[in-house]
Structures are given as C-alpha cells and as structure tokens.
Amino acid sequence: MKNIVLIGMPACGKSTIGYWLSKKINYPILDADKYLEEKENRVISDIFSNEGEEYFRELETKYLKELSEKNGIIISTGGGAVKKKENIDILKKNGIVVFLNREIADIYKENHEKRPLLKNINNIQKLYDERIDLYRKYADIIVKNNDDMDIIVDRIVTALKGKL
Ligand SMILES: Nc1ncnc2c1ncn2[C@@H]1O[C@H](COP(=O)(O)OP(=O)(O)O)[C@@H](O)[C@H]1O
Ligand SMILES: O=C(O)C1=C[C@@H](OP(=O)(O)O)[C@@H](O)[C@H](O)C1
Ligand SMILES: [Mg+2]
C-alpha cells in the first residue's frame, strides 16, 4: 500500500487535514515535524535558533527517509520538504504526493508562533515565490484548500481513487 504525502506552504493545512484524512480512511498519520521533535526530544524552533536551518534540514531528510520506509500511512511534511529534491525522490518511491494549495491570504491569518521562518510575517510571500513551482512540479495531485476541512478531506479521497 502506498503512502499519501501532503506537501504545501506552512499553514496550508497539512497537519490538520492529514489528521482528519487519517480518521476518514483509517490510515495512520505521521506528521514529519512531530516525528522529528519526538525523536530529537526538542522543538523545531529551538533547533532553528541554536543550530540553524541547515541542521534542521539534515534532520528533516533523515526522518523523511525513516517515514518513507513505512507503507500505507499519511505523511504530513513540513512546508520546506520540497527544498531538497532528495526528499521528494525518497517520498515518491512509495508515495502519492498531494499538494494542498491554500490562498496566501488565508495562510496569513493563522497563528505562526511555532514557525521560526514566519517570525517575520512578510516571509510568507517570499517562501511562496521560492516554492510554488516546486509544489506544483512535485505534486501527483493538487487539491485546493478553500472550504471546510471535511469537504477538503472528501476532495482528497476522491482525487486519490484508483491511485493508491
Ligand atoms: N480549510 C480550513 N478551514 C479552517 N482552518 C483551516 C483550514 N485549513 C487549515 N486550517 C487551519 O490552519 C492552521 C494551520 O494548519 P496546519 O495543519 O498546522 O498547517 P501545516 O501543517 O500545513 O503547516 C490550523 O489552525 C488549521 O486548523
Ligand atoms: O516551511 C518551512 O520551511 C517549515 C515549515 C514547518 O512545518 P509546517 O509547514 O507544518 O508549518 C516546519 O517544518 C519548519 O518550521 C520549517
Ligand atoms: Mg504541519
């Protein structure tokens, strides 16, 4: 059984919608950021402020590798997983990649306290400009997140039919 891999901008809904999708289709959900924090016994913002983003990216790749070895799970990635082609190659070996596409205006409104890269809120547009082509390129399926979450979950289920 293939994995379902959620990619997209920070606060596009990967973790939350991944959780509801897992309830709906009975797949275990593994959130890559939570997995990393549990394995390292630290929070991401602490890793960013002490060792920096580069070190976080190394850990991210290490744990995406571990998660990709599993089957039949939902993996909610961190928004920067697309920065390394290596990550996507790993995730795609055994996974269908779903890009959750949410309007920047909606992303702005969320609480970003735990997102070190969004300490400066203006960074959202910069990250979007850097990454949008990557999200599109790596997606097997693109689902708009512009409605209630149960509707989005149903959209993902429909889009995945016959692909798993
Ligand atoms: N369709 C939606 N309707 C309402 N709130 C949403 C929707 N999609 C995402 N959110 C909210 O946006 C916030 C960020 O979502 P999260 O799942 O943490 O994003 P990500 O994991 O992609 O960074 C959460 O508070 C979540 O409840
Ligand atoms: O966009 C990014 O580079 C990041 C997004 C975060 O995950 P979310 O996309 O779940 O916020 C987390 O992995 C880290 O703070 C870096
Ligand atoms: Mg998340």
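For reference, positions follow the sequence shown, starting with 1. As the structure lists them, so they are numbered: ligands from 1, and atoms in each ligand from 1.
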**OP:** Using modelled atom types only, decide if a donor and an acceptor are shared between the side chain of Asn3 and the backbone of Ile74 within a distance under 3.5 Å.
**Re:**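 Judged by distance alone, no pair lies under 3.5 Å.
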
**OP:** Spell out, as yes or no, whether a donor-acceptor pair under 3.5 Å connects the side chain of Ser22 to the backbone of Tyr19.
**Re:**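 Side chain of Ser22 to backbone of Tyr19, a donor-acceptor pair under 3.5 Å: yes, one is there.
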
Measuring from non-hydrogen atoms of [X] to any atom of ligand 1, is the shortest distance under 4.0 Å?
| X | answer |
| --- | --- |
| Asp33 | no |
| Gly8 | no |
| Ala11 | yes |
| Cys12 | yes |

Proximal ligand 1 atoms for [X], defined as those under 4.0 Å from one of its heavy atoms:
| X | result |
| --- | --- |
| Pro10 | 23 (O) |
| Thr16 | 15 (O), 16 (P), 17 (O), 18 (O), 24 (C), 26 (C), 27 (O) |
| Met9 | 22 (O) |
| Asn145 | 1 (N), 2 (C), 7 (C), 8 (N), 9 (C) |

Original post:
When rounded to the nearest 0.5 angstrom, what is the spacing between CG in Asn146 and CG in Leu100?
Top reply: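 That separation rounds to 11.0 Å.
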
**OP:** Kindly compute the distance separating CD1 (Ile4) from OH (Tyr27), expressed to the nearest 0.5 Å.
**Re:**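 Between atom CD1 of Ile4 and atom OH of Tyr27 there are 5.0 Å.
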
What atoms of ligand 2 come within less than 4.0 Å of a heavy atom belonging to [X]?
| X | result |
| --- | --- |
| Arg115 | 11 (O) |
| Gly78 | 7 (O), 9 (O), 13 (O) |
| Gly80 | 1 (O), 2 (C), 3 (O) |
| Pro116 | 15 (O) |
| Leu117 | 2 (C), 3 (O) |

Looking only at protein heavy atoms, identify the closest one to [atom] and say how far it is in Å.
| atom | value |
| --- | --- |
| atom 9 (C) of ligand 1 | Arg102 NH1, 3.5 Å |
| atom 2 (C) of ligand 1 | Met149 CG, 3.6 Å |
| atom 19 (O) of ligand 1 | Gly13 N, 3.1 Å |
| atom 1 (O) of ligand 2 | Arg131 NH1, 2.8 Å |
| atom 5 (C) of ligand 2 | Gly79 N, 3.4 Å |

Indicate, as side chain, backbone, both or neither, the part of [X] found under 4.0 angstrom from ligand 2 when only non-hydrogen atoms are considered.
| X | value |
| --- | --- |
| Lys34 | neither |
| Lys114 | neither |
| Arg57 | side chain |
| Leu127 | neither |

Are side-chain heavy atoms of [X] and [Y] found at a separation under 4.5 Å?
| X | Y | result |
| --- | --- | --- |
| Val5 | Asp140 | no |
| Leu6 | Ser76 | yes |
| Tyr35 | Ile75 | no |
| Asp33 | Arg115 | no |
| Arg42 | Asn50 | yes |

When you check the gap from the basic side-chain N to the acidic O, do [X] and [Y] get nearer than 4.0 Å?
| X | Y | value |
| --- | --- | --- |
| Glu110 | Arg102 | yes |
| Lys24 | Asp154 | yes |
| Lys126 | Glu130 | yes |

Subject >> Step-by-step side chain to side chain contact (heavy atoms under 4.5 Å, CB included) determination, Lys2 to Lys163 >> reply: CA-CA 9 Å; Lys2 287 198 171 178; Lys163 293 208 157 70; over 6 Å; no

Original post:
So is there a nitrogen or oxygen of Asp33 less than 3.5 Å from a nitrogen or oxygen in ligand 2?
Top reply: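 So ligand 2 has an N or O lying under 3.5 Å from an N or O of Asp33.
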
Original post:
Taking N or O atoms only and a 3.5 Å limit, does Glu60 qualify as a polar contact for ligand 2?
Top reply: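 No, no N or O pair falls under 3.5 Å.
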
**OP:** Would you mind telling me which of Lys62, Lys65, Arg57 makes a salt bridge (Lys or Arg N to Asp or Glu O under 4.0 Å) with Glu86?
**Re:**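 Among Lys62, Lys65, Arg57, the one meeting salt bridge (Lys or Arg N to Asp or Glu O under 4.0 Å) with Glu86 is Lys65.
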
Original post:
Counting backbone and side chain alike, does Ser76 bring an N/O/S atom below 2.8 Å of the Mg ion (ligand 3)?
Top reply: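 For Ser76, the answer is no, given that no N, O or S atom comes within less than 2.8 Å of the Mg ion (ligand 3).
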
**OP:** For residues Asn94 and Lys70, report the shortest heavy-atom separation together with the two atoms involved.
**Re:**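 What the structure gives for the nearest pair is ND2-O, 3.0 Å.
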
Original post:
Given Arg115, Glu110, Lys14, which one has a non-hydrogen atom that is nearest to atom 13 (C) of ligand 1?
Top reply: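 Among Arg115, Glu110, Lys14, the closest heavy atom to atom 13 (C) of ligand 1 comes from Glu110.
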
